[in-house]
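Heads up, the thing below is written out as structure tokens.
Residue numbers begin at 1 in each chain, while the letters A, B, ... track the order of the sequences. It should be emphasised that the depicted structure is a prediction, and the values quoted were computed from it without experimental measurement.
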There are 2 protein chains.
Amino acid sequence: MKKYTIKDIAELAGVSKGTVDRVIHNRGKVSQKALDKVTKLLEEIDYQPNPIARSLKNNKIYKIYVVLPNPDEDSFWKPCVDGVNQAIEEFKSFLVDIKLFYYSPHSTKSFQNVNNTVINLSPDAVLFPPIFYKESISIANRYKSAGIIVSIFNNQINLKEAVNFVGQDLYQSGRVAARLMEMIVPKKTDIVICHLDEPFNNATHMQKKEKGFRDYFENLGHFEYNLLTFNADKESLHKSLNDFLNIQKNVSGIFVTTSKVFNVVEVLQERKHKNLKIIGYDLLNKNVSLLKSNAISFLIHQRSKSQTYLGLTYLVEHFLFNKDIPNQKLLPIDIVNSENLDSYIEN
Amino acid sequence: MKKYTIKDIAELAGVSKGTVDRVIHNRGKVSQKALDKVTKLLEEIDYQPNPIARSLKNNKIYKIYVVLPNPDEDSFWKPCVDGVNQAIEEFKSFLVDIKLFYYSPHSTKSFQNVNNTVINLSPDAVLFPPIFYKESISIANRYKSAGIIVSIFNNQINLKEAVNFVGQDLYQSGRVAARLMEMIVPKKTDIVICHLDEPFNNATHMQKKEKGFRDYFENLGHFEYNLLTFNADKESLHKSLNDFLNIQKNVSGIFVTTSKVFNVVEVLQERKHKNLKIIGYDLLNKNVSLLKSNAISFLIHQRSKSQTYLGLTYLVEHFLFNKDIPNQKLLPIDIVNSENLDSYIEN
DNA sequence: AAAAAAAGTGTTTTCGAGCACATTTTTGTA
DNA sequence: TACAAAAATGTGCTCGAAAACACTTTTTTT
């Protein structure tokens, strides 16, 4: 189980460690003879430089800055903050400087301002969820030009500047919801796909989920269910959902494509609807209590906390130990009910 | 964001780094005056020794050996091997030596023999699932006496010698299965709890799951379902399950408490049973294809791969970077259906 | 053939912690 | 006051990789 060092290889090759070092980093000034001998040895031994020694020598404080929507304005982002704080705690004694920056999720201007602040602090890497499509592409370009590594999470957009994306397959999560819904609602009924629009949010999110949901039922081949789409924004929801359900009398289940599923349930509870099965997203506090009381049947967990934690871990280990960063990491699509809920909240 | 070093603290305190070092490791030979000054500084600054420098100086190859049932004899353990191999790959360039040892899951003697081999190789830590209760306690004692760190996973037993347990809350996983079953089978029917005994296996495993399953239905308060228990071993299963189902005509669902759920389904498929809902454990290949074809409704995933990977990660980071090892890590209880299956297999 | 340039090789220092060893200061006792 | 013993403090080396620097050998130019 011997681990070879540069010194070992130098001795075996009959050269100095300076020469071995030149070969490893191919910076020339090495005779063909020495080059061949050392290269051969490196391959035979499968030499791996000691990442700890390398890191010590390097001795640089890497700045990794995270740009997030303010969790006070949209509580969806709270777990992401937890993930960042977990990473800060875990790596506090290492030579990394992880910091958080907030902007207002309702303002592209605020997003741009905060990113301007961050770019001027010249970090080594930034991590952010590209919720504003155009603005994210533009800022990612500027980061890249400034030699700053860009890593994204949560929103999967085609951003060639990003080294890494951590998130979930939204199409597939729609299919997961569909399979669950199929199992818990009776046949020959209506199922509603409910989009709660937030004016600034990336609508492709919800579209991918709807596509997955619909595809699942279409692939079944038989048409036992009637799928309806319902759109509303936060303000109009109360009235329009009531109107909608007053007309649609055969609804057995509602699939809400966002984390704001609790808003829908609140309307339903006034109506004293029984036996309407609800499936939605994310373990927000309000959703969690509705899940516990069985007002929601299933929540799909997007592991927001893990997303930021993992994204940061990739960056830190890349800087400290030269580890490769995977291009994409799609996290499992967790199905949460009232009984396995706690096992996710603790993690 | 400055990171202080021993040298910095020595200069600030007006002493040499030798003195600071003596304070940090309280090995005495320091005057009260110097002690006070340095201690105060250390606290003010919240000094954290650079784990990378510490690790480099340490320069010891840590031997971490994993003792597993042979996966060729019980494929349940295959993912555990994958988890070990993933850890080996991830840490291969660090100063750790992770090795795997197999024994026959049908023989306590073989378990003891392999552990004797391992203890003679004097590793720094061992990781194993304590599937044989008495023998595990005895060997854990001997490891502890030999100064070898013991870490366990999968089987939660009261083993004070172990620094860490990684696994799942089996009682709660039974409850999860119960909640799922409740949602997919009609009321006023019979639900079967099916134990597939393997002669040597720790039966408490299955009992905890049954307890959770039964408790869930009892806590409901009303008795809409009739719970039956069915026991069989691999040999007798075919005949006895057929006999059982010939008598019990009102069965709507079967909860199989082990990963051998495919054995049950194979029997059912001969009978052309329609609409019998099956819930079982673990993503074995045979279970996976039955889940895909909807012959199984849900599988509960015990994250066996993550269990060994995590257990090893804790040990490695403890040895290399002095990180604390948590006493217990209970992994989430994953609900798997045909649609989120792939997202777990890839991870 | 001598001098200059280029190519090749080896040596030394650095990073921070940790510890053995060397040196200085203080204390206790004759 | 002398002076050894004990206590306190400081110095210097190590770990492995990396790279600057110093040195030697070969090649090219005049």
| query | Between B:V118, B:I64, B:V66, which is the residue that forms a side chain to side chain contact (heavy atoms under 4.5 Å, CB included) with B:P123? | reply | B:V118
| Rounded distance (Å) that lies between atom P of C:dA17 and atom NZ of B:K3 | 12 Å
| message | D:dG16, OP1 or OP2 - any side-chain N/O from A:R54 closer than 4.0 Å? | response | no
| query | Is there a donor N/O on one and an acceptor N/O on the other, under 3.5 Å, for the side chain of B:K17 and the base of C:dG18? | reply | yes
| said: Using side-chain heavy atoms (C-beta onward) and a distance below 4.5 Å, is A:V20 in contact with A:Y47? | reply: no
| query | Is it true that B:D8 and B:K3 make a salt bridge, defined as a side-chain N closer than 4.0 Å to a carboxylate O? | reply | no
| field | Integer-rounded Å distance: D:dT14 C1' and A:L56 CG | value | 12 Å
| request: Establish whether the base of C:dG18 is bridged to the side chain of B:R22 by a donor-acceptor pair shorter than 3.5 Å. | output: no
| In whole angstrom, what separates A:K7's NZ from C:dG10's P? | 15 Å
| message | On the nucleotide D:dG16, are OP1 or OP2 found under 4.0 Å from the side-chain N or O atoms that B:N59 carries? | response | yes
| query | In terms of side-chain geometry, is the basic nitrogen of B:E317 or B:K323 positioned less than 4.0 Å from the acidic oxygen of its partner? | reply | yes
| message | What is the separation between atom NZ on B:K33 and atom P on D:dA8, rounded to the nearest whole Å? | response | 13 Å
| task | Kindly calculate the angle separating the two end axes of the helix from C:dA1-D:dT30 to C:dA30-D:dT1, each obtained from five base pairs, and round it to 10 degrees. | result | 60°
| Whole-Å distance separating the CG atom of A:N58 from the P atom of D:dG16 | 18 Å
